[in-house]
Amino acid sequence: MIIASNFKTNHTRKSTREFVSKVADFAKNLSVDVRIYPPSSALDCFDLSKNIKIGAQNFYPAQYGSFTGEIGFEQLEEFKIDSLLVGHSERRSILGESNELIKEKFDFAKAKNVEIIFCIGEPQTVWAGGSLAVLDYLWNQLEGIDLKYEKLIIAYEPVWAIGTGRSAPLEEIENTLSFLKEDIDRPLLYGGSVKAENIAEILRLKSCDGVLVGSASWNVENFIEMIKIANEELK
Ligand code: PGA
């Protein structure tokens with residue numbers, strides 16, 4: 001079971017250190033797999049147990065080069081980063097990343113043999129069209145992605161549920177994840193307004209293998225509480 005925290009554009013280098021150290025202390029002997037994605041300015045080498053990884057929220061698909069403002073793979077290797085978020089909806093909608101660029105990032109990261117949390121999710125207008133429209137949209141986002149890549153994790157995050165405090169209804173999450181599971185033999189996460197109050201019921205869904213959490217995870221005590229609940233669900 002994977003519990004991941006996406007810091008987005010929050011936390012400093014100092015507060016990331018404190019956060020990671022508290023989480024590492026708490027989770028080191030648990031069976032839950034924890035992932036933390038700080039902003040790139042806070043990436044560093046941390047002393048962690050095997051079930052905890054620090055990852056990058058973004059990178060440019062090049063080892064190094066002239067890509068002003070971007071971070072290449074060489075800069076990630078410096079900190080032994082081996083988990084990456086690819087295709088997050090904020091990168092798609094705010095930064096304008098196309099399916100093509102996202103596929104390029106996926107292929108690059110795959111060639112480097114690192115873990116990829118590949119994010120997909122439909123906007124509200126598509127969601128309003130019903131479950132077939134949603135699946136159609138998601139399959140389009142997955143086009144050209146090697147779904148057999150052994151370090152691939154998929155995060156299903158409906159755009160309208162991200163940062164809104166309104167998680168998707170449980171039945172719909174299960175419905176979508178179970179359809180994806182028919183063709184994808186990799187862990188499937190849900191993301192979108194996951195918090196301590198709803199994490200247990202989401203993790204209990206048959207097809208759900210974990211969660212990707214944004215806002216509710218930025219406070220370290222909240223994130224630890226979520227890890228604790230997840231660990232209890234494993235028993
Ligand atoms: P949220 O963000 O938990 O704040 O909805 C989730 C995400 O963007 O991954």
Side-chain angles (χ1 to χ4, degrees), residues 1-7 22-24 26-37 49-53 55 83 85 87-89 115-122 124 127 130-132 134-135 137-139 141-142 147 150-235:
M1 184 183 286
I2 299 162
I3 310 297
S5 168
N6 174 8
F7 280 14
K22 282 189 185 166
V23 170
F26 180 78
K28 64 181 174 223
N29 296 320
L30 305 182
S31 312
V32 178
D33 280 312
V34 176
R35 300 289 180 266
I36 301 169
Y37 298 89
S49 52
K50 263 193 127 172
N51 62 324
I52 308 173
K53 275 187 204 285
S83 181
L85 290 185
H88 189 278
S89 80
E115 176 180 272
I116 300 168
I117 297 193
F118 192 84
C119 306
I120 55 174
E122 80 287 355
Q124 182 135 25
W127 176 69
S131 61
L132 282 182
V134 170
L135 285 169
Y137 190 89
L138 301 181
W139 280 117
Q141 291 184 320
L142 289 168
L147 300 174
E150 58 179 16
K151 293 189 180 171
L152 170 66
I153 297 161
I154 303 276
Y156 167 55
E157 304 196 291
V159 176
W160 49 272
I162 293 179
T164 58
R166 184 165 67 106
S167 172
L170 293 172
E171 208 182 294
E172 285 182 26
I173 301 173
E174 174 56 23
N175 201 23
T176 305
L177 293 182
S178 67
F179 272 117
L180 293 173
K181 232 183 180 82
E182 283 179 15
D183 295 292
I184 307 174
D185 188 20
R186 299 296 315 141
L188 301 180
L189 314 186
Y190 167 77
S193 297
V194 177
K195 45 191 171 230
E197 294 75 19
N198 63 12
I199 189 172
E201 57 192 19
I202 292 170
L203 291 174
R204 276 182 213 138
L205 294 172
K206 194 163 164 282
S207 308
C208 181
D209 303 303
V211 288
L212 176 55
V213 193
S215 34
S217 70
W218 300 336
N219 172 294
V220 70
E221 312 304 336
N222 280 350
F223 190 51
I224 286 176
E225 177 66 17
M226 282 187 265
I227 295 170
K228 190 169 156 199
I229 295 169
N231 197 57
E232 275 156 19
E233 290 301 315
L234 278 177
K235 286 177 194 160

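- Within the 4.5 Å cutoff, the side chain of L147 has no heavy atoms near those of the F118 side chain.
- Tested against L203 for a side-chain contact (heavy atoms from CB on, under 4.5 Å), the candidates V211, V194, L234, I229 yield a single pass: V211.
- Separation of atoms CD1 (I227) and CD (E232) is listed at 12.5 Å; rounding is to 0.5 Å.
- By the 4.5 Å heavy-atom criterion applied to side chains, V159 and W127 are not counted as neighbours.
- Put simply, the side chain of S83 reaches to within 4.5 Å of the side chain of Y37, judged on heavy atoms.
- Nearest heavy-atom pair, A230 versus V32, reported as atom, atom and distance to 0.1 Å: C-CG2, 4.0 Å.
- Between C119 and L212 the shortest heavy-atom distance is SG-CD2, 4.0 Å.
- Residues I162 and S89 have side chains in contact (heavy-atom distance under 4.5 Å, counting atoms from C-beta outward).
- Here the CD1-CG distance, from I153 to D33, works out to 8.0 Å after rounding to the nearest 0.5 Å.
- In this structure the side chain of Y156 never reaches within 4.5 angstrom of the side chain of L188, judged on heavy atoms.
- Within 6.0 Å of atom CG in D185, 12 or fewer heavy atoms from other residues, nucleotides or ligands are found, so the atom counts as exposed in its surroundings.
- Looking only at atom types and distance, the side chain of S167 has a donor-acceptor partner in the side chain of Y190 under 3.5 Å away.
- Judged purely by atom type and a 3.5 angstrom limit, N51 uses its side chain to pair as donor or acceptor with the backbone of A27.
- Taking 4.5 Å as the limit, some side-chain heavy atom of L180 sits within range of a side-chain heavy atom of W139.
- Within the 4.5 Å cutoff, the side chain of I184 has heavy atoms near those of the L142 side chain.
- Taking every heavy atom of both residues into account, W160 and P169 meet most closely at CH2-CD, 4.1 Å.
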Could you go step by step and tell me if K22 and F223 meet the side chain to side chain contact (heavy atoms under 4.5 Å, CB included) rule?
CA-CA 10 Å; K22 282 189 185 166; F223 190 51; over 6 Å; no
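- Counted within 6.0 Å of CZ on F179, heavy atoms from surrounding residues, nucleotides or ligands total 12 or fewer; the atom is thus considered open.
- Here the closest heavy-atom approach between residue R186 and residue L152 is recorded as NE-O, 2.8 Å.
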Begin with the C-alpha distance, continue with both residues' side-chain angles, and end with the deciding distance and a verdict on side chain to side chain contact (heavy atoms under 4.5 Å, CB included) for I199 and I3.
CA-CA 10 Å; I199 189 172; I3 310 297; 4.2 Å; yes
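- Taking each heavy atom of A216 and N222 in turn, the nearest pair found is O-CB, 3.2 Å.
- Between atom OG of residue S207 and atom CD1 of residue I173 there is a gap of 11.0 Å, rounded to the nearest 0.5 Å.
- Atom CG in L30 sits 4.0 Å away from atom CG in N231 (nearest 0.5 Å).
- The salt bridge (Lys or Arg N to Asp or Glu O under 4.0 Å) analysis of residues 151-176, with sequence neighbours excluded, yields no pairs.
- Judged as a salt bridge (Lys or Arg N to Asp or Glu O under 4.0 Å), the pairs with a partner in residues 194-209 (not counting sequence neighbours) are, in order, K181-D209, R204-E233.
- E122 places no side-chain N or O within 3.5 Å of a backbone atom of L138 that could act as its donor or acceptor partner.
- Of the possible donor and acceptor atoms, one in the side chain of N198 sits under 3.5 Å from a partner among the backbone N and O of S193.
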